[in-house]
Amino acid sequence: MSAVRLRTMKEVQMYVKGFNILISGSDQVLNPSSLLYCEAYGGKGRVCPIYFLGFPFLGKKYGYALSFGVTQYPEPQLSIAKEYIHSFDKLSVRENTGIDIVGTMGRTDALVVPDPTFLQAPAY
C-alpha cells in the first residue's frame with residue numbers, strides 16, 4: 001500500500017470507513033507542548049482531535065505507547081486532553097509516570113508498553 005496524505009477530518013473519516021481498528025500513538029498525541037498545534041485546524045492555539053481519534057468511528061480506537069515529555073501535565077492542556085482521552089477504547093503509555101498522568105484525566109485502565117521503536121518485526 002502506498003502512502004496517502006489526508007488533509008482534513010472529513011478525508012480521514014472517509015478513508016477509515018472500512019477499518020475495524022484505528023491506532024494512534026507516540027509523542028504527538030498527548031505531548032502538552034504540541035497539543036495546541038495543528039496545521040489542518042488553523043495552527044497555533046487549535047486542538048487536533050484527529051490525533052485523539054476524536055471523530056465518529058464504528059470500530060475500536062486504541063491509543064498506543066503514548067508519551068508525554070513531562071511528569072506533571074500543565075493547564076490548560078490538561079482540560080483539553082481530559083475531553084479527548086475518553087475517545088480511546090484501550091490506552092497504553094510508555095512510562096510509569098504516564099499511568100499517573102492519564103489517571104489525572106480520568107483513565108485508570110492504561111498499561112505500560114515498550115516504545116514502538118523497540119518492537120521487532122517477525123522474520124518472514
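A continuous path of Ile, Leu, Val, Met, Phe, Trp and Tyr side chains, each step under 4.5 Å between heavy atoms, connects Leu78 with Leu91, placing both in one hydrophobic cluster. There is no path of hydrophobic side-chain contacts, each under 4.5 Å, that joins Ile21 to Phe19. Taken together through direct or relayed side-chain contacts under 4.5 Å among Ile, Leu, Val, Met, Phe, Trp and Tyr, Tyr62 and Ile85 form parts of separate hydrophobic clusters. Cluster annotation: Val70 is connected to Val112 through the hydrophobic network of ILVMFWY side chains, with a link wherever side-chain heavy atoms come within less than 4.5 Å.
Contact annotation: the side chain of Pro116 approaches that of Tyr64 to within less than 4.5 Å [non-hydrogen atoms, C-beta and beyond]. Side-chain contact between Val16 and Phe55 is present, with at least one heavy-atom pair separated by less than 4.5 Å. Between Leu111 and Val93, the closest side-chain pair of non-hydrogen atoms is not below 4.5 Å. In this structure, the side chains of Leu30 and Tyr51 stay at 4.5 Å or more apart for every pair of heavy atoms. With contacts defined as side-chain heavy-atom distances shorter than 4.5 Å, the pair Tyr15/Val12 does not qualify. Looking at Arg94 and Pro114, their side chains never come closer than 4.5 Å, going by heavy atoms from C-beta outward. In this structure the side chain of Lys90 never reaches within 4.5 angstrom of the side chain of Lys60, judged on heavy atoms.
Not a single donor-acceptor pair under 3.5 Å links the side chain of Ser24 to the backbone N or O of Phe52. Panel note: side chain Lys82, backbone Met105; no donor-acceptor pair is recorded below 3.5 Å.
Within a 6.0 Å sphere centred on CD of Gln13, other residues, nucleotides and ligands contribute more than 12 heavy atoms. Within a 6.0 Å radius of CG in Leu58, other residues, nucleotides and ligands contribute 12 heavy atoms or fewer.
Between Leu66 and Gly25, the shortest heavy-atom contact is CD2-CA, 3.8 Å. Considering all non-hydrogen atoms of both residues, Glu11 and Arg5 come closest at OE1-O, 4.5 Å. Closest approach of Ser92 and Val113 over heavy atoms only: OG-CG2, 3.5 Å. Contact detail for Glu95 and Ser67: the closest heavy-atom pair is OE2-OG, 2.9 Å.
If you look at Phe88 and Tyr84, their ring centroids are not closer than 6.0 Å.
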Practice task
Given side chain to side chain contact (heavy atoms under 4.5 Å, CB included), test Phe57 with Leu22 step by step and report yes or no.
Solution key: CA-CA 9 Å; Phe57 177 70; Leu22 296 179; 3.6 Å; yes
Exercise for the section: Could you please spell out the steps behind the side chain to side chain contact (heavy atoms under 4.5 Å, CB included) verdict for Val102 and Phe68? Expected result: CA-CA 10 Å; Val102 297; Phe68 306 92; 3.7 Å; yes
